[in-house]
Every structure is written in structure tokens, then in C-alpha cells.
Amino acid sequence: MRAIWKGAITFGLVNVPVKLYGATEDHDVELHQVHDKDGGRIRYQRRCEVCSKVVAYENIDKAYAEGSTTVVLTEADLKSLPEERSREIEVVEFVPSDQIDPIMFERSYFLEPEKTAVKAYTLLRRTLEETDRTAIVQFSLRQKTRLGALRVRPAKDSGSPVLMLQSLLWDDEVREADFQVLKSDVRVSAQELKMSTSLVDQLTTDFDSDKFSDEYQEQLRKLIAAKLEKGDALDTAATFGDAEAGPPPGGEVIDLMEALRQSVERARASRTGTGSASAERSAGSAGPRASSSKASAKKAASTKKAAAAKKAAPKRAPGKKTTAKTGTRSGSKKSA
């Protein structure tokens, strides 16, 4: 990893020189845009509206428009701001870790101490661990004054506990959710709540991020590899199978209690390793209305299929007998 910023954590008279590293990275497959007619690469150009020339990035300044007046701010102007020149991660207070709303978290960074500051770094880390506190800090990065949370990330595998800085959104950057539909009076019965709680109990476990993967990116890589192997001509059904997409959400009104009950049984069956019989019984016990609908649909499909088969069947030639049991001609082979 390469450090993106150098500075120091300051709390009281203690000063801890540190280096800042990005804690996350993007694993998405990088795609670019091309012209669908000839495959030519599509590129965006920074073109000046006055002289119509393409402008190099180093020749671009920033500006603020106030009515018909434009104020141009050069790189030197921005770097002259006191906060921009600051290289401090200033601790302003310590708060209980559970008081920070996760919606406020933005970007995450690892902090590495300079060799001369390992003891002070370790002391701060141990103090945060012992008190179960998070330090609220202010710092400047990339021409912005930022609010941040300084906390300890526990050791993973063979690593060591490390101080992590997470930038926070400002209070006015977080929207309030105000949905009228949620203001209606909804009655949840005790039985429904009990069944829902039972489902939660069945699915409760310790979080392990290794169990999850980005299926879309995996399928995208598989698609690219298949197109390369097949010379760009690809049968996607052969590559991924003919699995049909499920019905769109919200298209069917369901029995909430029955859906919860079936979910609990399936979760219990998958945990205990019992066979699919329980799940099949649950699926088959959706109630008389569901059973009747299924039977009607099955009967209609069977009738339609029989009519189509009768229409498509070839006429028998004179003198040929047909057995009553199989419907095949005497002396002819059965069709596969």
C-alpha cells in the first residue's frame, strides 16, 4: 500500500505522527464505453467553451459563479487556506462507540505510526479498546475539512490491531426519511411477531464476511472469459443455464403468517440437515385456496396439452390397429 497523506494525531499534549492509507479497494471489472457501430473507444474531452480547445488537466482551475460574475480560484489560492495546510487529526471528544449512526460513515483509512511514535500509538489504541470509546476528530484532506471517527479495528488472521480513521458525513448531509405510507396505523398481531422472531432466531449466527461474494462480478468475469473463448459469439443460456428470473416483487398478496411459518420450517430444515420433505410439506400446505388454484391450473394445463397432442397426431392409415393401452400402432416401435 502507498500512503496518501502524512500528519499527526493530536489529543491533549500528545502528538502521534502517522501515515494514512486507503483501507478499501474496488474489485469491480473495469469497463469502458465503445461505439456500437464499429467498436471505437468513446473518450470524454475537457473542451473550453470560449476557444473550443481541449484543455490539459494541469491547466484547469476552479471557479465559483455568483450571478453574472465568476470568481476563479487557482490551485495556489486553495492551498493557501489554513485548513488545507493543516496536517493534524485533532481529537475533539471521545464518545461511546454505539452512539455513531452507521449512515454517517463515508470512507475508511488505516493509520500507521512513524517508528518514533509506536508507543504513543499503542497507548492510544489500548485506551480506546479498554474504554470502548471512539474518538471524534477533525482533519483536512483533499481540499475539504472533514469530520471523522477514530477507532480500533481488531486483528484479523495474523494481523495486529490497528487504528482506523473513518470520515463521517456532516449532519446536514444526511437526509431524513419522511414516507407518508409509514404513518398509517398498522396492526401487527402477537402471533405474527412471535413467528417473525422465531425466524430471526433460526437465522441468527456470527457474521463472517468470507461467506459472501459479489456474484454479479463473478458472473461478469465468467461472461467475459466465455466470450473470449468462443470468439465473441456466445450462447448465454449455455453458459449460465436456463434459470428463469423470479416474479417481480409486489405482484402477489401473500398470507403473511403462512409465509413466516414456511420460512421458519425451511430455515430449521437447512440448519438441522433434515431432508426436503419438511419443506415440501410446507409448500404443499399453503391452504385450500392455494391447493385449489394449483389443481385448477394443473388441470387446465393438462387439458390444453392433450388437445395440442391430439391436433398434432398423424391420422392412422386404414388397416392399422392401435393398442388401447399405449396408443401405438401394432408392430411399430415405441417413440422415444
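The figures that follow rest on heavy atoms only: side chains count, while hydrogens, waters and symmetry mates do not.
Residue Leu182 shares its hydrophobic cluster (ILVMFWY side chains chained together at separations under 4.5 Å) with Phe179, Val181. Other residues sharing the hydrophobic cluster of Leu13, ordered by chain and number and joined by side-chain separations under 4.5 Å: none, the residue standing alone. Applying the 4.5 Å side-chain rule to ILVMFWY residues, one finds Val92, Val95, Ile100, Met104, Phe105, Ile136, Leu147, Leu168, Leu169, Trp170, Val174 in the same cluster as Ile103.
In terms of the side chain to side chain donor-acceptor pair (under 3.5 Å) criterion, residue partners of Ser97 (sequence neighbours excluded) are, by chain and number, Thr134. Here Glu66 pairs with Tyr64 under the side chain to side chain donor-acceptor pair (under 3.5 Å) rule; sequence neighbours left out. Not counting sequence neighbours, Ser196 has no partner by the side chain to side chain donor-acceptor pair (under 3.5 Å) test. Taking the side chain to side chain donor-acceptor pair (under 3.5 Å) definition, one finds that Thr74 meets it with Asp77, sequence neighbours left out.
At a threshold of 4.0 Å, the pair Glu265-Arg261 counts as salt-bridged, since one of the basic side-chain nitrogens sits closer than that to a carboxylate oxygen.
There is no side-chain donor-acceptor pair under 3.5 Å between Arg146 and Gln138.
Sorted by first and then second residue, the salt bridge (Lys or Arg N to Asp or Glu O under 4.0 Å) pairs with a member in residues 179-198 read Asp178-Lys183; sequence neighbours excluded. Residue pairs meeting the salt bridge (Lys or Arg N to Asp or Glu O under 4.0 Å) criterion with at least one member in residues 39-56, sequence neighbours excluded, do not occur. Identified under the salt bridge (Lys or Arg N to Asp or Glu O under 4.0 Å) test for residues 100-127, with sequence neighbours left out: Arg125-Glu129.
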Which side-chain N or O atoms in residues 31-38 pair as donor and acceptor under 3.5 Å with protein atoms at least two apart or in another chain?
residue: Gln33; atom: OE1; partner: Tyr44; partner atom: OH; Å: 2.9
residue: His35; atom: ND1; partner: Asp38; partner atom: OD1; Å: 3.3
residue: Asp38; atom: OD1; partner: Gly40; partner atom: N; Å: 2.9

For residues 197-206, tabulate all N or O donor-acceptor pairs below 3.5 Å that involve a side-chain atom, not counting sequence neighbours.
residue: Thr197; atom: OG1; partner: Leu193; partner atom: O; Å: 2.7
residue: Thr204; atom: OG1; partner: Val200; partner atom: O; Å: 2.5

For this session: Go through the steps for Thr10 and Val91 under the test side-chain contact (heavy atoms from CB on, under 4.5 Å), then give the verdict.
Result: CA-CA 6 Å; Thr10 62; Val91 176; over 6 Å; no
